[in-house]
Amino acid sequence: MDKNTIIGFVLMAVVLFGFAYWQTPSAEEQQAAIEQAQQDSIAAAKKQQQLRIAQEKQKQAQEAAATNDSALFHTAVAGKAEDIVLKNSKLELTVNTKGGTVTKAYIKNQKGSTRYVGHDISDKTGKHDDPNGVTLFDGKNQQLSFTLVAKESNISTKDLYFTPSAQTDSTLTLTAVAAQGKTLTLTYKLGKDYMLHMSLKVNGMSGLFDPNTNKLDVNWHEKVKEQERGFSFENRYARLDYKIKDGSTDYLSEASDKEKTTDDALDWIAFKNQFFSAVMISKDGFDKGADLHSVAYDKKEQENDKVRYLKDLTASSKVFFDPTGQKASEFEFYIGPNDFYILKDVEKQSTFNRELDLERIVYLGWPLFRYINRWFTLPVFTALTNWGLPMGVVLILITLLLKLITYPMVKKSYMSSAKMRVLKPKLDEATKQYDKPEDQMQKQQAMMQLYSEYGVSPLSGCLPMLIQMPIWIAMFNFVPNAIQLRGQSFLWMQDLSTYDPIVEWGSNLWLIGDHLSLTCILFVGAQLLYSWFTMQLQKDQMVGQQADQMKMMQWMMYLMPLMFFFIFNDYSSGLNFYYFISLLFSAIIMFTLRKTTNDEKLLAILEARRAENKKNPKKMTGMAARLQRMQEEQQELQRKREELERKRRKL
């Protein structure tokens, strides 16, 4: 160790000891610190004593409340939970005597859907009359409770044990005894289909409630199970729906976590997944201020779970309650498939005599597309289904019918394009002197004038796509919600309501997912074919600058099908199959029209029309007239600008 190192260590030691000495408190400071510590210790002891006293008081209050509850519900606070099954030909509902509400719903006659590996919704245990059904929910993922606000303490049905009576396959009465002559009664009656009527009523308990109490708290919660193959696709259709009293229906966004406190009273609240729903209807309505919550579950966190969940739905509200027991609080539950006509019929089966609009649970799109689905797609689809045809054949026949209906407009549009095609040489000749950029306005005017002479509209060729788009969008909304496709096979497709993988690799890849859907590949291929064919037809009629613009449009038309692949790869095979068939038929129609059109005869007809128009000139009308007027206005505006520019330069 050298001299400098020794000096360094000595200096560091001096600094450390000096700092320690400087920080050492004086005798007076040390005495003050001791006294402060004693005071802090006394204060801490007092605080601890106060906390023990508060805890003791709280314990005594809880024991007093428990004593009150025990005295009030001396036969209902303890007991043995028992499952009681109500059933008909469509439904099996399990009611548990602990809580007195439905804890399990089994919907019969539902052909099982193809599920992810390790889980099968079909019941093979023999517990149900029909093993080919769906367990919509059970006690693990659904809870419903009613809370009555009494003077002494709240009374929640979930804490009470009920005694069953008047029990049949479709009826049940549950009674919780509060005290001598004081009871809380729940009555159930299962209808012939998917409707369950329930009433809640108290007897001899009016003195236990505040005179102003006329409300009952309802708390409903469900973890919506994955029922179909394709978590992401099914998750798009799982949501909380509700209907405003004497108003329209609405829902919480299925795309993100959402919560809402309603400004209006509600007629009903529905917890739905893609093909089944549980709906709670209140006779007197749910009060405004209902708290509604929807939270989405993460698929990655449930990869290894045998039961996976889509959404966590919660609804809390207040409803009418009569503490005198003269009138019951009444509810109806629809627990069944999201079938448009079945849901529409609920209004007739309901005893509440109100307009429910439950069929709006089946989403059919925005107003225009809903109109198409409501008055065309649904009736035709239902009629073809009732004939007993395979669902794939039904989709093909609907496609053919739509093509037949739109054929006159498509043909008219095609003929307009064909007229422009045969006129292209004449257009090139008439506009060849307008090749400079500054002459484009005159070129457009010359083209419009020639179109007018021949009686041709340049915009008619856009109609085929405009005609098809509303139908395509309508079917986009209809097919994924058509429960009739669930579990139905056709050709290589095992289930038309979900995707049809030709390759699966078990882990999600960005944009693609964990599979390749064959019908999606066919749809994209058909879209590319149709795009190529229509571009060839349009290329034959482009003039000058339009031809340059056409090249850019070509790339867009070819890229769009590739975008569709990433969007539709996890969509249902039924929807992709419809798009594939529709595009295939469209390409066949366009090809047939092209082959059966004689260009020479068509040109002769146009020349004859031009000659007739020259003899009897007609004023340009419609879109062509508006385009010409716009061009003239633009030309006049350009002339004024140039004149102003010349004047500015002179100045």
Side-chain angles (χ1 to χ4, degrees), residues 364-365 368-385 387 389 391-423 454-479 522-523 525-541 557 560-561 564 574-603 605-606 609 622-624:
L364 298 178
L368 172 62
F369 314 122
R370 181 177 180 83
Y371 184 85
I372 294 172
N373 284 327
R374 173 66 183 89
W375 301 109
F376 173 79
T377 313
L378 261 172
V380 173
F381 185 83
T382 303
L384 294 174
T385 302
W387 289 355
L389 298 173
M391 287 300 160
V393 175
V394 169
L395 291 174
I396 293 173
L397 291 178
I398 288 179
T399 308
L400 285 172
L401 183 57
L402 287 169
K403 294 301 178 185
L404 183 63
I405 293 172
T406 58
Y407 178 75
M409 292 179 285
V410 171
K411 183 178 180 181
K412 183 177 180 180
S413 175
Y414 171 79
M415 292 308 297
S416 177
S417 299
K419 291 172 185 177
M420 294 177 65
R421 183 180 68 249
V422 299
L423 287 176
Y454 283 102
V456 175
S457 172
L459 297 179
S460 299
C462 302
L463 282 179
M465 185 57 69
L466 295 178
I467 293 168
Q468 291 185 78
M469 283 306 294
I471 297 173
W472 272 44
I473 297 174
M475 293 299 287
F476 176 83
N477 290 306
F478 175 79
V479 174
L522 292 175
F523 161 42
Q527 178 70 26
L528 286 169
L529 174 65
Y530 182 73
S531 298
W532 176 84
F533 191 73
T534 53
M535 295 300 284
Q536 294 304 310
L537 293 177
Q538 292 175 8
K539 186 167 62 175
D540 293 339
Q541 65 193 44
M557 294 291 286
M560 188 177 295
F564 282 161
L575 182 63
N576 282 321
F577 181 69
Y578 164 76
Y579 284 153
F580 165 65
I581 294 297
S582 179
L583 284 166
L584 191 60
F585 286 163
S586 295
I588 292 172
I589 290 171
M590 297 297 285
F591 180 80
T592 304
L593 288 172
R594 180 67 182 91
K595 288 298 182 182
T596 55
T597 300
N598 189 312
D599 289 358
E600 293 180 358
K601 289 183 179 181
L602 182 58
L603 182 59
I605 293 172
L606 291 175
R609 182 183 296 174
M623 181 62 73

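Residue indices begin at 1 and follow the sequence shown.
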Heavy-atom check, side chain of R594 versus side chain of D599, under 4.5 Å: yes
F577 vs I396 side-chain heavy atoms within contact, under 4.5 Å: yes
Beyond-backbone contact of F478 with L364, side-chain heavy atoms, under 4.5 angstrom: yes
I581 side, atom CD1; T399 side, atom OG1 - distance, nearest 0.5 Å: 6.5 Å
Minimal non-hydrogen separation, V479 against L575, with atom names: CG1-N, 3.5 Å
T592 vs Y414 side-chain heavy atoms within contact, under 4.5 Å: no
W375 CH2 to R370 CZ distance, which is reported to the nearest 0.5 Å: 10.0 Å
Whether S413 side chain and M409 backbone form a donor-acceptor pair below 3.5 Å: no
Euclidean distance, T385 OG1 relative to I398 CD1, rounded to 0.5 Å: 7.0 Å
Nearest heavy atoms of L395 and Y578, plus distance in Å: O-CD1, 4.5 Å
Heavy-atom side-chain proximity of L603 to L423 below 4.5 angstrom: yes
For M475 against N373, the heavy-atom pair lying closest together: N-OD1, 4.3 Å
Spatial distance of atom CG (L584) from atom NZ (K403) [nearest 0.5 Å]: 10.0 Å
Test log, rule side-chain contact (heavy atoms from CB on, under 4.5 Å), inputs L583 and W472: CA-CA 10 Å; L583 284 166; W472 272 44; 3.5 Å; yes
Min side-chain heavy-atom separation K412-S416 under 4.5 Å: no
Single hit among F523, Y530, Y579 for ring pair (Phe, Tyr, Trp, His ring centres under 6.0 Å) with F564: F523
Derivation of the side-chain contact (heavy atoms from CB on, under 4.5 Å) call for L602 and M415: CA-CA 9 Å; L602 182 58; M415 292 308 297; 4.0 Å; yes
Heavy-atom closest contact (T597 atom, A418 atom, distance): CG2-CB, 4.4 Å
Distance-minimising heavy-atom pair for N477 and G365: ND2-CA, 3.4 Å
Atom pair CZ (F591) and CD1 (I588), whose distance is rounded to the nearest 0.5 Å: 10.0 Å
Worked verdict on I372 versus T377 for side-chain contact (heavy atoms from CB on, under 4.5 Å): CA-CA 7 Å; I372 294 172; T377 313; 4.2 Å; yes
Minimum heavy-atom distance A526-F580, with the two atoms named: CB-CD1, 3.7 Å
